[in-house]
Trainee: 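One structure follows; several queries about it will come next.
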Amino acid sequence: MKVSNHITFIKSFIAIGLASAISGAWAANVPAGTELAAKQELVRNNGSEPASLDPHKVESNVEFNILTDFFDGLVAVRNDGSIEPRLAEKWEEKNNTVWTFHLRPDIKWSNGEPITAQDVVWSWQRLVDPKTTSPYASYLGNMHLVNAAEIALGKQSPDSLGIKALDSSTLEITLTQPNAAFLAMLAHPSLVPVSKAVVEKFGEKWTQPSNFVSSGPYSLSQWVVNEKVIGERNKQYWDDSHTVINKVTYLPIASETADINRYKAGEIDIVLTVPQTQFAALKKSIPDQVHVTPYLSTYYYEFNTTKPPFNDVRVRKALNMGLDKDIIAGKVLGQGQTPAWVVSQKKVGGIEMKSPEYANWSHEKRVAEAKKLLEEAGFNATHPLSFSLLYNTSESHQRIAIAASSMWKKNLGVEVKLQNQEWKTMLDTMHNGTFDVVRYAWVADYDDASTFLNNYRTNDSENISKYSNAAFDDALKNAAKADNVAERGKFYQQAEDKLAEDVPAIPVYHYVLVQLVKPYVGGYAPNNLGFYYTKDMFIKKH
């Protein structure tokens with residue numbers, strides 16, 4: 001089942017937790033009769049150099065793809081949406097606001113030291129502490145942990161967070177209100193515990209291979225900047241007996257062409273994505289190796305709403321209407337992506353979102369309205385709007401940016417300067433607010449509209465646009481209090497309607513996950529958040 005918002009689903013999740021791990025954990029499920037390769041090693045392209053391997057310092061799948069192999073959280077979400085025990089073997093709740101988690105006995109860090117409830121408490125306090133400057137500092141507040149929002153804003157001390165260790169293996173988590181998405185949100189990579197002793201000993205250098213300590217099926221053995229990150233099997237892992245692959249290598253190849261060429265040369269087992277220019281040919285020549293799967297993710301152009309002229313809603317709305325998203329999704333991409341007019345998803349968490357009225361207009365009508373809005377804002381043929389569009393280095397992002405800038409030029413007379421930066425540099429530029437418009441995308445942290453919408457809440461740590469609207473904030477507060485899917489959906493729709501009216505970001509298209517996977521890789525099964533885990537996979541003899 002999908003992660004939903006109804007209290008009855010919480011009850012079923014609790015039952016799963018109390019049932020412990022009887023059904024078995026995530027593991028490589030090798031079919032009977034499968035002959036395995038003697039060398040169990042996997043090479044994955046990851047697209048970019050990770051900004052960090054500290055779970056509290058990162059914000060994208062570039063890092064999370066690696067961290068989900070290196071760390072376990074208290075729970076995980078299976079591909080069918082059900083909750084699976086991980087570091088916690090069972091849990092119970094009281095009034096849907098006080099949750100007690102019992103850690104597995106004898107769980108250890110990769111250095112052999114015990115993983116304790118105190119590690120979890122310290123890690124969550126570190127995540128929300130403003131001194132950490134985590135991009136996910138607002139996440140625990142969005143989960144409604146006691147004092148989390150106030151701590152992130154510097155109004156409370158981190159030790160007042162609504163989590164405490166009752167003993168070395170028991171945690172108590174207290175919420176300010178019931179949250180039907182709580183268990184699904186708990187699976188997020190930012191909430192994995194890190195070793196208090198190791199971080200305090202080595203400080204910022206704790207992520208170096210010689211210092212690194214993990215809790216998951218793999219641990220860091222090498223990190224050669226701009227070349228590779230290597231994970232080796234963690235023999236201290238509580239479920240190591242179900243792991244098959246012994247070594248995983250993550251490559252930071254930004255060029256899609258280079259990615260495909262190295263795949264064809266046998267140097268890569270899973271590519272990050274298939275470029276649009278080669279998709280049709282690859283589907284024809286090696287159809288069994290081209291995988292297209294659903295993906296809860298939206299591609300945006302985010303405005304700096306504090307910077308003129310993008311503090312003028314007429315300008316933002318005009319640029320949204322001036323894009324032909326059907327062409328971008330269907331022609332520039334053409335792999336199953338769909339045009340986006342809502343920030344979240346058309347269907348998410350059991351809710352179907354309605355697009356704004358102008359999404360149903362003809363393209364010609366939208367362009368006419370966009371010209372009118374720009375004229376009202378003071379921009380015309382003699383005084384054209386001009387700005388810089390920033391994207392991270394990638395052939396696909398460049399291709400989309402060229403198409404968008406051409407549409408804005410043709411339809412509205414707008415002058416766009418294209419600017420690209422490497423991933424880590426672009427993240428810094430975004431958070432520093434030194435941009436006009438920036439390409440970004442959001443992959444759902446869990447199957448609920450709030451994972452997308454929370455990014456536009458006033459003062460949220462991921463609110464790059466610096467958008468602020470009290471009515472929008474209130475809609476999300478009311479959605480969080482709702483006790484059934486229909487009621488929640490009503491408030492989410494109010495929030496989406498407000499974003500469609502104010503346009504702090506242009507939703508461009510909704511993704512699909514498109515990858516090449518070697519036929520000898522078994523166990524590849526991405527979930528709708530785009531994650532596929534090395535410990536689920538195995539290499540067949542070939």
Trainee: Indicate yes or no for a side-chain donor-acceptor contact from Asp447 to the backbone of Gly349 under 3.5 Å, with no hydrogens or angles considered.
Mentor: yes
Trainee: State the CG-CG distance between Leu183 and Leu74, to the nearest 0.5 angstrom.
Mentor: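 Spacing of CG (Leu183) from CG (Leu74) equals 10.0 Å.
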Trainee: Is a side-chain N or O of Ser297 found less than 3.5 angstrom from the main chain of Trp442, in a donor-acceptor match?
Mentor: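 Checked: pair present.
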Trainee: Tell me whether Glu357 at atom CD has more than 12 heavy atoms from other residues, nucleotides or ligands lying less than 6.0 Å away.
Mentor: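 Open: at most 12 neighbouring heavy atoms sit under 6.0 Å from CD of Glu357.
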Trainee: Phe70: which residues meet the ring-ring contact (aromatic ring centres under 6.0 Å, His included) condition with it, sequence neighbours left out?
Mentor: Phe212
Trainee: Return yes if some donor-acceptor pair links the side-chain N/O of Asn179 with the main-chain N/O of Met143 below 3.5 Å, else return no.
Mentor: yes
Trainee: Verify, without hydrogens or angle tests, whether Ser160 (side chain) and Ser157 (backbone) share a donor-acceptor contact under 3.5 angstrom.
Mentor: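 Yes, because the side chain of Ser160 sits within donor-acceptor range (under 3.5 Å) of the backbone of Ser157.
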Trainee: Distance-only, no hydrogens or angles: does the Asn61 side chain make a donor-acceptor pair with backbone N or O of Phe64 under 3.5 Å?
Mentor: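 Side chain of Asn61 to backbone of Phe64, a donor-acceptor pair under 3.5 Å: no, none is there.
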Trainee: Could you report the tightest heavy-atom contact between Lys307 and Phe435, atom names first, then the distance?
Mentor: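 In this case the closest contact between Lys307 and Phe435 is CD-O, 3.7 Å.
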Trainee: Return the set of residues passing salt bridge (Lys or Arg N to Asp or Glu O under 4.0 Å) with Asp460 (not counting sequence neighbours), or none when no residue passes.
Mentor: none
Trainee: Over all heavy atoms of both residues, which pair between Pro193 and Phe71 is shortest? Give the atoms and the distance, please.
Mentor: O-CD2, 3.7 Å
Trainee: Under the side chain to side chain donor-acceptor pair (under 3.5 Å) test, which residues partner Thr68, sequence neighbours left out?
Mentor: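 With sequence neighbours excluded, Thr68 shows a side chain to side chain donor-acceptor pair (under 3.5 Å) to no residue whatsoever.
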Trainee: So, does Ser285 use its side chain to make a donor-acceptor pair with the main chain of Ala281 at under 3.5 Å?
Mentor: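 Checking the backbone N and O of Ala281 against the side chain of Ser285, a donor-acceptor pair under 3.5 Å is found.
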Trainee: Is the backbone N or O of Leu453 less than 3.5 Å from a side-chain atom of Ser450, with the two atoms forming a donor-acceptor pair by type?
Mentor: no
Trainee: Less than 4.5 Å apart, any side-chain heavy atom of Gln276 and any of Val332?
Mentor: no
Trainee: Do Asp502 and Tyr467 pair up side chain to side chain, a donor and an acceptor below 3.5 Å, judged on atom types alone?
Mentor: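 There is such a pair (donor and acceptor under 3.5 Å, judged by atom type) between the side chains of Asp502 and Tyr467.
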Trainee: Any chance the side chains of Ser134 and Arg126 put a donor and an acceptor closer than 3.5 Å?
Mentor: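 Side chains of Ser134 and Arg126: no pair found under 3.5 Å.
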Trainee: The test is side-chain contact (heavy atoms from CB on, under 4.5 Å); show your working for Leu191 and Leu186 and say whether it passes.
Mentor: CA-CA 7 Å; Leu191 299 186; Leu186 193 60; 4.2 Å; yes
Trainee: Quick check for you: to the nearest 0.5 Å, what is the distance between Thr273 atom OG1 and Tyr295 atom OH?
Mentor: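 Those atoms lie 9.0 Å apart.
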Trainee: Start with the C-alpha distance between Ser405 and Leu418, add both sets of side-chain angles, then the distance that settles side-chain contact (heavy atoms from CB on, under 4.5 Å), and finish with yes or no.
Mentor: CA-CA 8 Å; Ser405 61; Leu418 300 184; 4.2 Å; yes
Trainee: Does anything in residues 503-515 pair up under side chain to side chain donor-acceptor pair (under 3.5 Å), and if so which pairs, sequence neighbours excluded?
Mentor: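 Listed by first then second residue: Thr298-His510, Gln345-His510, Arg439-Tyr511, Gln515-Tyr524, Gln515-Tyr532.
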Trainee: With no hydrogens and no angle check, is any side-chain donor or acceptor of Asn463 less than 3.5 Å from a backbone partner on Lys466?
Mentor: yes
Trainee: Any pair with a residue in residues 403-432 that passes salt bridge (charged side-chain N to carboxylate O under 4.0 Å, His left out), sequence neighbours left out, goes on the list, sorted by first then second residue, please.
Mentor: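 Residue pairs with at least one partner in residues 403-432: Lys409-Glu415.
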Trainee: For residues Tyr250 and Asn65, report the shortest heavy-atom separation together with the two atoms involved.
Mentor: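 Minimum heavy-atom contact is CE2-O, 4.1 Å.
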Trainee: Provide the closest heavy-atom pair for Val62 versus Pro50 in the form atom of the first, atom of the second, distance.
Mentor: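 Closest pair (atom of Val62, atom of Pro50, distance): CG1-CA, 3.8 Å.
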Trainee: Lys155: what forms a salt bridge (Lys or Arg N to Asp or Glu O under 4.0 Å) with it, not counting sequence neighbours?
Mentor: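 Checked Lys155 against salt bridge (Lys or Arg N to Asp or Glu O under 4.0 Å); zero matches.
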Trainee: We want to know whether Asp54 and Ser52 form a side-chain donor-acceptor pair, criterion being a heavy-atom distance below 3.5 angstrom.
Mentor: no
Trainee: Between Glu501 and Lys498 (salt bridge meaning N to carboxylate O under 4.0 Å), is one present in this structure?
Mentor: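 Yes.
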Trainee: Verify whether one side chain among Gln493 and Asp497 offers a donor that lies under 3.5 Å from an acceptor in the other.
Mentor: yes
Trainee: Looking at residues at least two apart in the chain, or sitting in another chain, which of them share a side-chain contact (heavy atoms from CB on, under 4.5 Å) with Pro275?
Mentor: Glu256, Ile260, Thr277, Gln278
Trainee: When you compare the side chains of Asp259 and Asn45, does any donor N or O come within less than 3.5 Å of an acceptor on the partner?
Mentor: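 Judged by distance alone, the side chains do pair up.
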Trainee: With sequence neighbours excluded, tell me which residues meet ring-ring contact (aromatic ring centres under 6.0 Å, His included) with Phe310.
Mentor: Phe303, Phe387
Trainee: Step by step, work out the side-chain hydrogen bond (donor to acceptor under 3.5 Å, both in side chains) result for Ser255 and Glu395.
Mentor: CA-CA 6 Å; Ser255 167; Glu395 293 152 4; 2.8 Å; yes
Trainee: Ignoring hydrogens and geometry beyond distance, is a side-chain donor-acceptor pair present between Glu487 and Tyr492 at under 3.5 Å?
Mentor: no
Trainee: Verify the distance criterion only: is there a donor paired with an acceptor across the side chains of Gln494 and Glu496 at less than 3.5 Å?
Mentor: no
Trainee: With sequence neighbours excluded, tell me which residues meet ring-ring contact (aromatic ring centres under 6.0 Å, His included) with Trp423.
Mentor: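 Residues passing ring-ring contact (aromatic ring centres under 6.0 Å, His included) with Trp423: none at all.
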Trainee: Could you tell me which non-hydrogen atom of Asn455 sits nearest to which non-hydrogen atom of Thr451, and how far apart they are?
Mentor: ND2-O, 3.9 Å
Trainee: Here's a test for you: under ring-ring contact (aromatic ring centres under 6.0 Å, His included), which of Phe182, Tyr136, Trp124 qualifies with His188?
Mentor: Tyr136
Trainee: So, the side chain of Gln337 versus the backbone of Gln335: is there a donor-acceptor pair under 3.5 Å, distance only?
Mentor: yes
Trainee: Which is it for His431 and Glu59 under the side-chain contact (heavy atoms from CB on, under 4.5 Å) test, yes or no, and what are the steps along the way?
Mentor: CA-CA 11 Å; His431 286 287; Glu59 59 186 304; 2.7 Å; yes
Trainee: Minimum heavy-atom separation for Ser461 and Ala137, please, with both atom names.
Mentor: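 Reported closest heavy-atom pair: OG-N, 3.3 Å.
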Trainee: Should Met321 and Val367 be marked as a side-chain contact (heavy atoms from CB on, under 4.5 Å) after you check the CA-CA gap, both sets of side-chain angles, and the distance that decides it?
Mentor: CA-CA 6 Å; Met321 291 184 177; Val367 169; over 6 Å; no
Trainee: By the side chain to side chain donor-acceptor pair (under 3.5 Å) test, which pairs, at least two apart or in different chains, include something from residues 311-334?
Mentor: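 Of all non-adjacent pairs touching residues 311-334, those that pass side chain to side chain donor-acceptor pair (under 3.5 Å) are Asp312-Arg314, Asn320-Lys325, Asn320-Tyr358.
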Trainee: Could you walk me through whether Thr97 and Gln177 satisfy the side-chain hydrogen bond (donor to acceptor under 3.5 Å, both in side chains) test, starting with their C-alpha distance in whole Å, then the side-chain angles of each, then the deciding distance to 0.1 Å, before giving a yes or no?
Mentor: CA-CA 6 Å; Thr97 56; Gln177 65 181 59; over 6 Å; no
Trainee: Between Asn432 and Thr434, do the side chains contain a donor N or O and an acceptor N or O under 3.5 Å apart?
Mentor: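 Thr434 vs Asn432: no donor-acceptor pair found between side chains.
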Trainee: How many angstroms lie between atom NE2 of His144 and atom NZ of Lys481, to the nearest 0.5 angstrom?
Mentor: 9.5 Å
Trainee: When rounded to the nearest 0.5 angstrom, what is the spacing between CG in Leu127 and CG in Leu140?
Mentor: 5.0 Å
Trainee: How would you list, by chain and number, every residue that makes a side-chain contact (heavy atoms from CB on, under 4.5 Å) with His383, sequence neighbours excluded?
Mentor: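 Expected list: Phe379, Asn380.
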Trainee: Quick check: does any side chain N or O of Asn420 sit under 3.5 Å from a backbone N or O of Tyr391, one acting as donor and the other as acceptor?
Mentor: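 Looks like no, no N/O pair under 3.5 Å.
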Trainee: Restricting to side chain to side chain donor-acceptor pair (under 3.5 Å), what partner residues turn up for Ser406, sequence neighbours left out?
Mentor: none
Trainee: For Ser138 and Glu462, does a side-chain donor sit closer than 3.5 Å to a side-chain acceptor?
Mentor: no
